[in-house]
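Working notes, beginning with the structure itself.
As a basis for the values below, the full set of heavy atoms in this structure was taken, side chains included, without hydrogen atoms, waters or symmetry mates. Just so we're on the same page: letters track the sequence lines, and every chain starts at 1.
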Protein chains: 12
Amino acid sequence: MFRILVLHGPNLNLLGERETNVYGAVTLEEINKQLTEQAEELGASVEFFQSNHEGELIDKIHQARDRFDAIIINPGALTHYSYALRDALSAVSLLVIEVHLSNIYAREEWRHRSVIAPVVQGQISGFGPLSYSLALTAACELLKEGAKQR
Amino acid sequence: MFRILVLHGPNLNLLGERETNVYGAVTLEEINKQLTEQAEELGASVEFFQSNHEGELIDKIHQARDRFDAIIINPGALTHYSYALRDALSAVSLLVIEVHLSNIYAREEWRHRSVIAPVVQGQISGFGPLSYSLALTAACELLKEGAKQR
Amino acid sequence: MFRILVLHGPNLNLLGERETNVYGAVTLEEINKQLTEQAEELGASVEFFQSNHEGELIDKIHQARDRFDAIIINPGALTHYSYALRDALSAVSLLVIEVHLSNIYAREEWRHRSVIAPVVQGQISGFGPLSYSLALTAACELLKEGAKQR
Amino acid sequence: MFRILVLHGPNLNLLGERETNVYGAVTLEEINKQLTEQAEELGASVEFFQSNHEGELIDKIHQARDRFDAIIINPGALTHYSYALRDALSAVSLLVIEVHLSNIYAREEWRHRSVIAPVVQGQISGFGPLSYSLALTAACELLKEGAKQR
Amino acid sequence: MFRILVLHGPNLNLLGERETNVYGAVTLEEINKQLTEQAEELGASVEFFQSNHEGELIDKIHQARDRFDAIIINPGALTHYSYALRDALSAVSLLVIEVHLSNIYAREEWRHRSVIAPVVQGQISGFGPLSYSLALTAACELLKEGAKQR
Amino acid sequence: MFRILVLHGPNLNLLGERETNVYGAVTLEEINKQLTEQAEELGASVEFFQSNHEGELIDKIHQARDRFDAIIINPGALTHYSYALRDALSAVSLLVIEVHLSNIYAREEWRHRSVIAPVVQGQISGFGPLSYSLALTAACELLKEGAKQR
Amino acid sequence: MFRILVLHGPNLNLLGERETNVYGAVTLEEINKQLTEQAEELGASVEFFQSNHEGELIDKIHQARDRFDAIIINPGALTHYSYALRDALSAVSLLVIEVHLSNIYAREEWRHRSVIAPVVQGQISGFGPLSYSLALTAACELLKEGAKQR
Amino acid sequence: MFRILVLHGPNLNLLGERETNVYGAVTLEEINKQLTEQAEELGASVEFFQSNHEGELIDKIHQARDRFDAIIINPGALTHYSYALRDALSAVSLLVIEVHLSNIYAREEWRHRSVIAPVVQGQISGFGPLSYSLALTAACELLKEGAKQR
Amino acid sequence: MFRILVLHGPNLNLLGERETNVYGAVTLEEINKQLTEQAEELGASVEFFQSNHEGELIDKIHQARDRFDAIIINPGALTHYSYALRDALSAVSLLVIEVHLSNIYAREEWRHRSVIAPVVQGQISGFGPLSYSLALTAACELLKEGAKQR
Amino acid sequence: MFRILVLHGPNLNLLGERETNVYGAVTLEEINKQLTEQAEELGASVEFFQSNHEGELIDKIHQARDRFDAIIINPGALTHYSYALRDALSAVSLLVIEVHLSNIYAREEWRHRSVIAPVVQGQISGFGPLSYSLALTAACELLKEGAKQR
Amino acid sequence: MFRILVLHGPNLNLLGERETNVYGAVTLEEINKQLTEQAEELGASVEFFQSNHEGELIDKIHQARDRFDAIIINPGALTHYSYALRDALSAVSLLVIEVHLSNIYAREEWRHRSVIAPVVQGQISGFGPLSYSLALTAACELLKEGAKQR
Amino acid sequence: MFRILVLHGPNLNLLGERETNVYGAVTLEEINKQLTEQAEELGASVEFFQSNHEGELIDKIHQARDRFDAIIINPGALTHYSYALRDALSAVSLLVIEVHLSNIYAREEWRHRSVIAPVVQGQISGFGPLSYSLALTAACELLKEGAKQR
């Protein structure tokens, strides 16, 4: 049974409340609920953590080393400058998948560059809550294949 | 029943034969076979087209307008400079999903920029053949939700 | 009666103690006191929060949504890279005014670019403690005009 | 009697069908018809060729050397990267005029640069189908003046 | 009967006298005369104004608002830096066409960028005096079509 | 009694008439009237000058040296390239405040850079006519404090 | 006996006819004839293919995998942007040598960068038809040394 | 007796466990122990603080003002973007020395630039745990010389 | 007897009054007087013109064509952006020498680039009023040698 | 009988001893010996000079003017910044060929740009010692053809 | 007993005489003397060489291969452009440490980039003569640990 | 009696022989002779030194400290990259004047930037041998005025 940690970065706690034209009307709670159900079907367990603090996300990633098999992370705006988050992800030897609700390549120029992407297994961007769901499917598939993160 | 066109760009015909350390050992035929089976389960039909010619890919995209509901495209190296391909994809009003076998953001600098990404629904990068499979799942989900391309 | 939140970013707690040639000799406490008096005259209430933690500032902004009509923020050095702070400000539908004590355009090159400025109503830079005072006047005027943030 | 070749690049076959807010509702066929009539009045003959294939356009340009006096070309998105097309145009000693339906300087940043422009006589951009018509007038005038390509 | 203002920017008064290898031997007076005749045939009236002063050109554009239907402008070297001229043109709701005698894209690097182009209807570059004539034809055609400036 | 010169740069004479979605519906005359009243209350006198000519603005700044205590300037589009205006402002030893009606950092990329800002006391941007009013308050406050320009 | 494929890219079919001041008066046919003779002397066989189509060149490279020991390629203007051609060359495990008739580093800025060069054994530029001849000598030498491509 | 604060930035708590090929096998605890011993010999006292939170590091630096004579800091990945950390270090009037375990100039491009370096006394990079030890020696020497921070 | 026009650009009328630490205490009048005397000795005549208006300087340059043999110009801040001034200078076939009082290469970055320099005979920068004097000597020498402008 | 000077730049004296994985195991002496033999066969004479001093290489180039017909030069790392070497080569009217042992375009970014290349006849890069041999062949061929350097 | 070569680059012979505000009042001789004493204590021998000639420094580095165990180098201004020096250092298999008297990251922009740093073990910058002393300590420590250069 | 050292950089020994279209037909010897005569008239002595070696020029500059009052230097191509030369010039407290025969701003892009200019008194560029003569006049004038180098 695979153990998967789902990390939500800054401002994602407002999901479903803010800028719904960009991020949709589904709340973070609903996404988490849906992922829990999907995980059950896939024979996996998921745990969730949201924080607006870069430091707390890094702490959580460190603690995940022995307790989880994979991390699914939506780093929010930290995607674009948090080299500390990048170093944390690259330091733990877990499968990591980066997700984004919106298509970051169809938005402002500065959202096109992810400093996280070079150290993850893969990136899924632009499918709304479905981005998370695809990531969960991918994580389970890759763990099954015994595929470890790069 | 959703009709989905899967387009493979330049050099993807060599899959499984060339640079297997980067692209893996699965052949394009095997990927297509696997997608056909997955499509059947999802109640969708898939058709495949591979070409090393930018022009043929554009022609195919034009023809897809009335015959397909969605396009899954791995543009190969055209990803990085073919504005003509981009204009073709943005001209047809279909759901388009961009996929890459390797994590293009963990490779050479010039592979980090996709001129295609700004006009697609979403992008999936770095999961090997699984990238296509996730895209197929996403396409069917989004078509079900009646989600039209941007 | 308008409710206005005044946010002071990293290192502003040292005001009046550090680099007084650049930032002046007035302390943060004195600025807050002066703003409280000015607010009273303008028929508004002000609340203050200083933090050296990006995450705490974001949390505070989220909580401000229902409790305040406007935010006056001096983001300190976060001005120049905190896209997470920017997203937080752009997520809450409040009037936001950005202030700086020193003229950031007359200092080091990297201080010339604010990643916050594109999502605020306006920016006031270079007037010392007066920058805050002008912002408070502006906030009340704009709230009176019913001018909502862009 | 001047012989003029009109070349339409990638995606122009979709004219009148795709993105009519940008490119207008007139079809390529209608443009060609209108140019044929205008040519007749001007005592010139026109021939048309549309292709989504860079190579076919280059072949056509080569063949034009002995058969035509001038080329009017709308290179579509090839405008922005096809140095091969540029070399082809600069290799044949014909009068060449570059046209664009939309004002390429009022659109995305990457459409502002034409790699074709430095080797043509002149460029006409932003007048819709009228762009072609003005180019035809210009071609006949310049040929009359015996004005050879730069 | 359409009223069209033709504006000639800095140094164009020297036309026919200076650098005739680049700009040709025709004088500004001759161009104006030729345009007056062409206008008559097209049922339009033209008025001319040349100045080496950015401010005078802006004043003239402002005054044109109620007195003209369209502006044809060759901004000379102001093309490349006069944001004030750009704002003036974008402020008046007239059809504006930008013309250049020489092909600015075949000259020095700095002549390739027009700060004016993004706010005009279209641009015609490289046809010598014919550039103006084509612009006049275009203006009348577009006014007839009731085409208003972008 | 402080004497303050208010300078309005190119195109500001069209205020209230052009692009009211960006600049608002208030005319320059109304702004000037409002500032005159505010000045009276503050025990200051204001004089106004608008010009579309860079040279006239520079002349005016030179003349201001002995006749005024402070300059409030909205340089319009000259903000972004007029180093001559900058040198003029930095040559006279007066308090200078730069104002903008719109938030220049929320508009086109080229409007983000002010060549004027490094030589002024402070900048106020984005509050509509209120920008001028805040500047007037600031000027009087700073003059009172005996704060001389940088 | 070494089998060597010589590929000529876009516009090289015009050799000896176009821009002879840059490319010389020798035709492609003459170059091929000369290379055939040289190959005979060196105990090698050569085959030639010219195309203005990127896709055809890629197809040819793919087919060369089992049929040739080395590729000599003059990619013409594709040198500067065809990442698809690059990927094709890097995918087949053959010795590849890049040649240019003219010294590409003594021409326009954009001709200085070859996207092909990083994946070939070596590059020979600037010797006219002799470039090909040197490449053939090099190919045979390296094959003899058993030197495989990088 | 000099009092020296040693600050370890994000991810340094994992030292000796993560990426030992880059950072070595020594743990943070061992480094601290070794520095304590060395300090004793040098007649100095050292205190240690590690945090993954930018804000906590800034708080600590502020508190150090009266309690320490010098700061030795390895800012981890914050080195490359935390202008808030930089402002904190430049605000307190202490001797500051920046250390890095690995040679940051021999790694990824983005690690070559330190936003911290311009405000410290000196930088020591690339000697593993020895970097800290050299910094401690330097701190004591400079304090002895009465050398105050720049 | 050579006739030489000396042009002083924006803000130079303030010479000797403003920023004397940069530009020295000599007034423009004194410089002109000194040049008149030097000219007399050299058997030349000089005429002076100062303006803060780009347009007036251009007009003056045009008028100089038949009346002068050489132009000595200190373009002030127009040096750095006035392509219109550049075109004016390059249009008249006179010897042109560019002078600067201060060493523009030892000041702000943006003062390092002169858009005027590429079209003049030579540039003299950094010698205070002596810069003009050297230019006058040079002009007479070059005119004597019959050296015409590039 | 052609006289050819072969120049080896900095660090090439270490050939065969240093970094043999990049530069191969052949020594400079062996290369020189091999070239002497090849020259004999071609009816040419060769002379060699190696130096780690830019100045000595320039001196040697100057002296070569009357004593040699061609120069073959491997400038080592001077390739990338020695404009003085470039000026020396362009000053003497000899045939010059630039060679590199390794493929400089497949190495670090800064090795991709040669400041020498624009002033030589041609460049040969990536063939190990064979690069020199090909250059010698080319030199003799071109001298025979009477081809003088550009 | 470790043998260490200390190299001083261009202009360091002036130490103690020139710009003492930047480089301090200690002479090179004094630094060398101090290092000799320190070496003795550490059981190492040091040898010194200063040159203003890039070539001489490279020659010295080559000769050091068999005679020394480590090199401590202050490359002076060659730090910023001498790729030849870099190649020399990377060619010899010795431990190399780069030192700078001043903090190069707190000075002019162009001094921030060292082309030497990527090929050395570590860099010490900003401690005045102490920089050398720390480097000597480091060299001995690393040689003891048997740490060979990267 | 002022003592002035005239330094000629790399390749200037070829003056009058090489590229006379750019540098003129006068030899270095003739320039030196002419300067000697001019110096005599001005009551100064001149000494000359030409070298193709950066190091020798630096040595010479160091030696000049006590023996000369001013340096006139034409650094040749070292102008554009020799930071070591720049440091040497800025280290000696002499008046330094930079001269160039050709107008470096009217030539290749890379010749527009002088790394020497920021540390000299002034620069004279584009007057052929006259550049030196003007520099000599300037040196004597400035020395007379007791004007010491910046």
Side-chain angles (χ1 to χ4, degrees), chain H residues 21-22 24-26 34 38 42 70 72 79-80 86 89-90 95-109 111-150, chain K residues 21-22 24-26 34 38 42 70 72 79-80 86 89-90 95-109 111-150:
Chain H
N21 60 321
V22 177
V26 181
Q34 180 181 349
Q38 183 186 351
L42 292 164
I72 292 171
T79 303
H80 312 299
R86 171 197 179 124
L89 288 170
S90 114
L95 171 68
V96 182
I97 297 177
E98 178 187 354
V99 300
H100 297 284
L101 293 163
S102 61
N103 178 347
I104 58 175
Y105 306 105
R107 301 181 64 195
E108 300 99 318
E109 184 70 24
R111 291 200 203 262
H112 297 194
R113 195 176 66 101
S114 164
V115 304
I116 304 300
V119 301
V120 304
Q121 168 72 40
Q123 188 196 60
I124 297 172
S125 165
F127 302 97
L130 187 55
S131 289
Y132 284 98
S133 166
L134 295 169
L136 185 51
T137 302
C140 292
E141 282 296 321
L142 291 170
L143 288 171
K144 263 187 254 167
E145 294 175 23
K148 293 297 168 288
Q149 183 187 6
R150 214 179 40 88
Chain K
N21 61 323
V22 178
V26 182
Q34 180 181 351
Q38 182 186 353
L42 292 165
I72 291 171
T79 303
H80 312 298
R86 170 196 179 127
L89 288 169
S90 111
L95 172 67
V96 182
I97 297 177
E98 178 187 354
V99 301
H100 297 285
L101 293 163
S102 63
N103 177 349
I104 58 175
Y105 305 105
R107 301 181 65 195
E108 301 99 317
E109 184 70 22
R111 290 201 207 263
H112 297 195
R113 194 178 64 103
S114 165
V115 304
I116 304 300
V119 302
V120 305
Q121 169 72 40
Q123 188 195 59
I124 298 171
S125 168
F127 301 97
L130 187 55
S131 289
Y132 283 97
S133 166
L134 296 169
L136 185 51
T137 302
C140 292
E141 281 296 321
L142 292 171
L143 287 172
K144 261 188 254 166
E145 293 176 22
K148 292 294 167 289
Q149 184 187 3
R150 210 176 44 87

Contact winner vs chain K - H:Ser133, H:Gly122, H:Ala135, heavy-atom pairs under 4.5 Å: H:Gly122
What's the spacing between K:Glu141 CD and H:Leu134 CG if we round to 0.5 Å? 8.0 Å
Does H:Asn103 use its side chain to pair, donor to acceptor, with the backbone of K:Ala117 at less than 3.5 Å? yes
Short question: side chain of H:Gln121, backbone of K:Gly126 - any donor-acceptor pair under 3.5 Å? yes
What one should report as the nearest heavy-atom pair of K:Ala106 and H:Pro118 is CB-O, 3.6 Å
Indicate yes or no: at least one non-hydrogen side-chain atom of K:Tyr105 is less than 4.5 angstrom from one of H:Val120. no
Max heavy-atom pairs within cutoff under 4.5 Å with chain H, candidates K:Thr137, K:Val99, K:Ile104, K:Ile124, goes to K:Ile124
